[in-house]
Amino acid sequence: MQRLHRRLYLAIVATLLVFLAFVAILLHGTSLVMFRHGSVISSVHVLLLLLIVAALLAFLTYPMTRGITARLARLEQSVRRFGGGDLTARVAVEGHDEVAALATSFNESATRVQQLVHANRQLLANCSHELRTPLARMQLAIERRGADVAAADAELRRDITELDALIAELLLSSRLDAARTLPRVEPVELLALAAEEAAYFDLEASGDAITVRGDPLLLRRLCRNLLENARLHAGGATAISVHGDGNIARVLVEDAGPGIAYPDRERIFEPFYRPDAVSGSGTGLGLSIVRQIARLHGGDVLHEPRAGGGSRFVATLRSRPA
């Protein structure tokens with residue numbers, strides 16, 4: 001509140017200086033009158049002096065206080081509109097003092113909340129669409145169960161497994177989205193963890209033996225989702241490696257698939273987004289969860305084209321070394 005405090009302080013000082021100058025002039029004139037006529041200042045003169053000072057103070061301070069309170073009132077109206085459900089409510093930023101900074105902070109916060117609500121609504125719509133498919137297949141399998149019980153039961157089991165996996169991914173994604181810090185932090189041997197996950201996909205991990213501080217379960221899920229994404233959409237990963245540089249660790253997963261078109265290289269990390277050229281199944285949340293985990297560890301994930309064709313996913317973890 002330094003700028004606003006400075007303005008108030010200067011206004012008060014200026015008012016006092018004007019008041020002192022006025023009193024000095026008045027007393028000087030009164031002294032001359034008293035000297036000439038031998039009279040004294042009456043109570044009427046004192047009352048008149050106080051009235052003049054009060055009017056002067058009111059005249060000087062009213063425009064400033066009115067401007068501040070009017071801007072605060074407009075900010076309050078915008079906050080009420082936003083709280084009432086109008087997520088587009090914003091307030092005009094006027095001036096360069098603390099009230100303007102408060103208005104700017106409100107606008108930025110309102111924008112972030114609006115984006116979050118929009119993302120949640122979009123996620124809910126996508127969830128409804130994704131859940132409808134296995135449920136419809138389950139209903140169809142039940143209706144056909146009388147003709148071929150074994151085939152219908154097998155189809156039901158596949159659909160239930162798919163539905164269970166989708167719900168588990170949704171719960172994990174929601175939990176990560178609400179998290180502000182890691183659930184737990186402990187030393188993790190990143191290369192050893194990547195090697196364990198790579199073994200399930202008949203791969204060997206290579207790179208630097210790095211120990212970082214992070215959540216081992218989430219880091220394991222990050223590696224698994226990247227490898228599973230390559231299996232589903234690119235015929236499997238060709239390599240997984242771990243590299244370190246100071247307090248930065250990187251997990252690289254490469255494949256020799258069809259690659260990702262440039263406009264889709266960022267959108268593939270959105271929940272349930274599938275490029276037209278990408279084949280395969282999956283819940284549609286794998287890469288989105290990878291980004292959430294990487295960001296909780298202070299990093300991010302990006303897609304790069306692989307030399308010779310295919311894709312390279314680079315997950316950066318800005319976790320301090322153990």
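In this chain, residues are counted from 1 in sequence order.
- Atom CG of D300 is separated from atom CD1 of I293 by 12.5 Å, given to the nearest 0.5 angstrom.
- Distance CD/E196 to CG/L191: 10.5 Å, rounded to 0.5 Å.
- Not counting sequence neighbours, the partners of D86 by the side-chain hydrogen bond (donor to acceptor under 3.5 Å, both in side chains) test are R81, T88.
- Atom CZ of R318 and atom CZ of R295 lie 12.5 Å apart (nearest 0.5 Å).
- R250 is linked by a side-chain hydrogen bond (donor to acceptor under 3.5 Å, both in side chains) to nothing, counting only residues two or more places apart in sequence or in another chain.
- Taking CG from L182 and CG from L217, the interatomic distance works out to 11.5 Å, rounded to the nearest 0.5 Å.
- In this structure, E228 and R231 have side chains that are in contact, with non-hydrogen atoms separated by less than 4.5 Å.
- Among residues two or more places apart in sequence or in another chain, the side-chain hydrogen bond (donor to acceptor under 3.5 Å, both in side chains) test is passed with S78 by none.
- Other residues sharing a hydrophobic cluster with L302 under the 4.5 Å side-chain heavy-atom criterion for ILVMFWY residues are L252, V314.
- Not a single side-chain hydrogen bond (donor to acceptor under 3.5 Å, both in side chains) links E204 to another residue, sequence neighbours left out.
- Under 4.0 Å is where a charged nitrogen must lie from a carboxylate oxygen, and between E266 and R291 at least one such pair does.
- A distance of 6.5 Å separates CG in L219 from CG in D215, rounded to the nearest 0.5 Å.
- Partners of S288 according to the side-chain contact (heavy atoms from CB on, under 4.5 Å) rule, which considers only residues two or more places apart in sequence or in another chain, are P271, Q292.
- R74 places no side-chain N or O within donor-acceptor distance of the main-chain N or O of V91, the cut-off being under 3.5 Å.
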